[in-house]
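Encoded as structure tokens, the structure appears first; notes follow it.
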Number of protein chains: 2
Amino acid sequence: MKTYVSSYQKTEIEMIFSSELIKGTLKTIVLKLLADNKKMYGYEITQTVKELTKDRIQLTEGALYPTLHALEADGLLTTEIEYIGKRVRKYYSLSPKGKSKAKERVNEFTEFVETMQSLLDIKPRLA
Amino acid sequence: MKTYVSSYQKTEIEMIFSSELIKGTLKTIVLKLLADNKKMYGYEITQTVKELTKDRIQLTEGALYPTLHALEADGLLTTEIEYIGKRVRKYYSLSPKGKSKAKERVNEFTEFVETMQSLLDIKPRLA
DNA sequence: TTCAATACATCAAACTCTTATGTATTATTT
DNA sequence: AAATAATACATAAGAGTTTGATGTATTGAA
């Protein structure tokens, strides 16, 4: 009789999600965090996501900064610079347009998940 | 007094999901469908997904065929050609490696969704 | 004083999807 | 009978995103 588990470790050790899955949800994550926190800066976003997901979603700066810039260019975010000593900090906030977009995106994700679950739960030859 | 609904129509009319969301789940969808149906051909996969999701997830052939070829190149799928009259039909099946990959992917997606929900459900300033 | 953490940013290469385009057979409509 | 739609494969240029590296600079900890 086995007294230790040798498989399914992946679900016990914190599994890091393949970047493929995170693709497509990055903007949703950023918009939702900003909706909840009024203003955040880039580095803070990466750390917050790391903490909230126990390291399972790791946003890289190379992906995050271009995304923030794109959201800003779309008029969804506004920015304000702050100095902490001599170090620059760039805070992002949702514009009114950004607020409705945030709701829209979270909504869409929720429905997408429902649709995906109906796809992935289907068992063969039930009838 | 309004007697008709003018907003939230998007959730009543079948919303088509942005391709951004579908990115990263295409392989999962294909692997799961093949796990449930033993063998399927490309066109059949596009139609099945269309039906099962009520047109909300639409796989284009330009995305599907390269993906099938990639999965095959990875040793996850095997193929067999059949002729329906003179028309070619290429059936895909899961290899043993593909079967475990399918479980892995569905599992990963499920956990990813849980993680995302904890991210997206968080409300600000609860304490 | 050296290393790690904080904080911004850019960029080439890689990857994936979109949107045609192409070929060919078969079924349906006009 | 001819035209159109559906079936069924496939590729490929361009677009969009992410990876992974690299860069600059400040601040805190060892």
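A note on names: the letters A, B, ... follow the listed sequences, proteins ahead of strands, and every chain is numbered from 1. This structure is a prediction, so every number in the text was calculated from the model and none was measured.
Each of B:Gln47 and B:Tyr92 has a nearest nucleotide on DNA chain D; the 5'-most of these lies closest to B:Gln47. Position along DNA chain D of the nearest nucleotide to B:Glu44 versus A:Pro66 favours B:Glu44 as the more 5'-ward residue.
In summary, of the residues considered (A:Lys32, A:Lys101, A:Glu111), a side chain to side chain contact (heavy atoms under 4.5 Å, CB included) with A:Val106 occurs for A:Lys32 alone.
Residues that satisfy the ring-ring contact (aromatic ring centres under 6.0 Å, His included) test with A:Phe109, not counting sequence neighbours, are absent from this structure. For B:Lys23, the salt bridge (Lys or Arg N to Asp or Glu O under 4.0 Å) criterion is met by no residue, not counting sequence neighbours. A:Thr60 meets the side-chain hydrogen bond (donor to acceptor under 3.5 Å, both in side chains) test with no other residue; sequence neighbours excluded. Annotation: side-chain hydrogen bond (donor to acceptor under 3.5 Å, both in side chains) contacts of B:Glu61 (sequence neighbours excluded): none. Partners of B:Tyr43 under the side-chain hydrogen bond (donor to acceptor under 3.5 Å, both in side chains) rule, at least two apart in sequence or in another chain, do not exist in this structure. The side-chain hydrogen bond (donor to acceptor under 3.5 Å, both in side chains) test applied to B:Lys39 returns B:Glu82, not counting sequence neighbours.
Residues of residues 67-83 of chain B that place a heavy atom closer than 4.0 Å to DNA chain D, in numerical order, are B:His69. Of the residues in residues 21-31 of chain B, not one places a heavy atom less than 4.0 Å from an atom of DNA chain D.
Side-chain N/O atoms of B:Tyr65 include none lying less than 4.0 angstrom from OP1 or OP2 on D:dA10.
Nucleotides of DNA chain C with any atom under 4.0 Å from a heavy atom of chain A span, from 5' to 3', C:dA5 to C:dT10.
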Could you pull out the protein-nucleic contacts involving nucleotides 25-30 of chain D (nitrogen or oxygen on both sides, under 3.5 Å)?
unit_1: D:dT26; atom_1: O2; unit_2: A:Arg87; atom_2: NE; d: 3.4
unit_1: D:dT26; atom_1: O2; unit_2: A:Arg87; atom_2: NH2; d: 2.2
unit_1: D:dT27; atom_1: OP1; unit_2: A:Lys86; atom_2: N; d: 2.9
unit_1: D:dT27; atom_1: O4'; unit_2: A:Arg87; atom_2: NH2; d: 3.1

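Counting only residues at least two apart or on different chains, the side chain to side chain donor-acceptor pair (under 3.5 Å) pairs with a member in residues 89-98 of chain B are B:Tyr41-B:Arg89, B:Arg89-B:Tyr91. Sorted by first and then second residue, the ring pair (Phe, Tyr, Trp, His ring centres under 6.0 Å) pairs with a member in residues 51-89 of chain B form an empty list; sequence neighbours excluded.
One distance of note links CZ of B:Arg105 with OG1 of B:Thr25; it measures 9.5 Å at 0.5 Å rounding.
Shown here for B:Val49 and B:Ile57, the closest heavy-atom pair between the two residues is CG1-O, 3.5 Å. B:Leu52 and A:Ser118 make their closest contact through O-OG, 4.4 Å (heavy atoms, listed as atom of the first residue, atom of the second, distance).
Between the B:Asn37 side chain and the B:Leu33 main chain, a donor and an acceptor come within less than 3.5 Å of each other.
The residue A:Gly42 sits close only to the backbone: its heavy atoms come under 4.0 Å of sugar-phosphate atoms, none of a base.
The distance from atom CZ of A:Phe17 to atom P of D:dT18 is 17 Å, rounded to the nearest whole Å.
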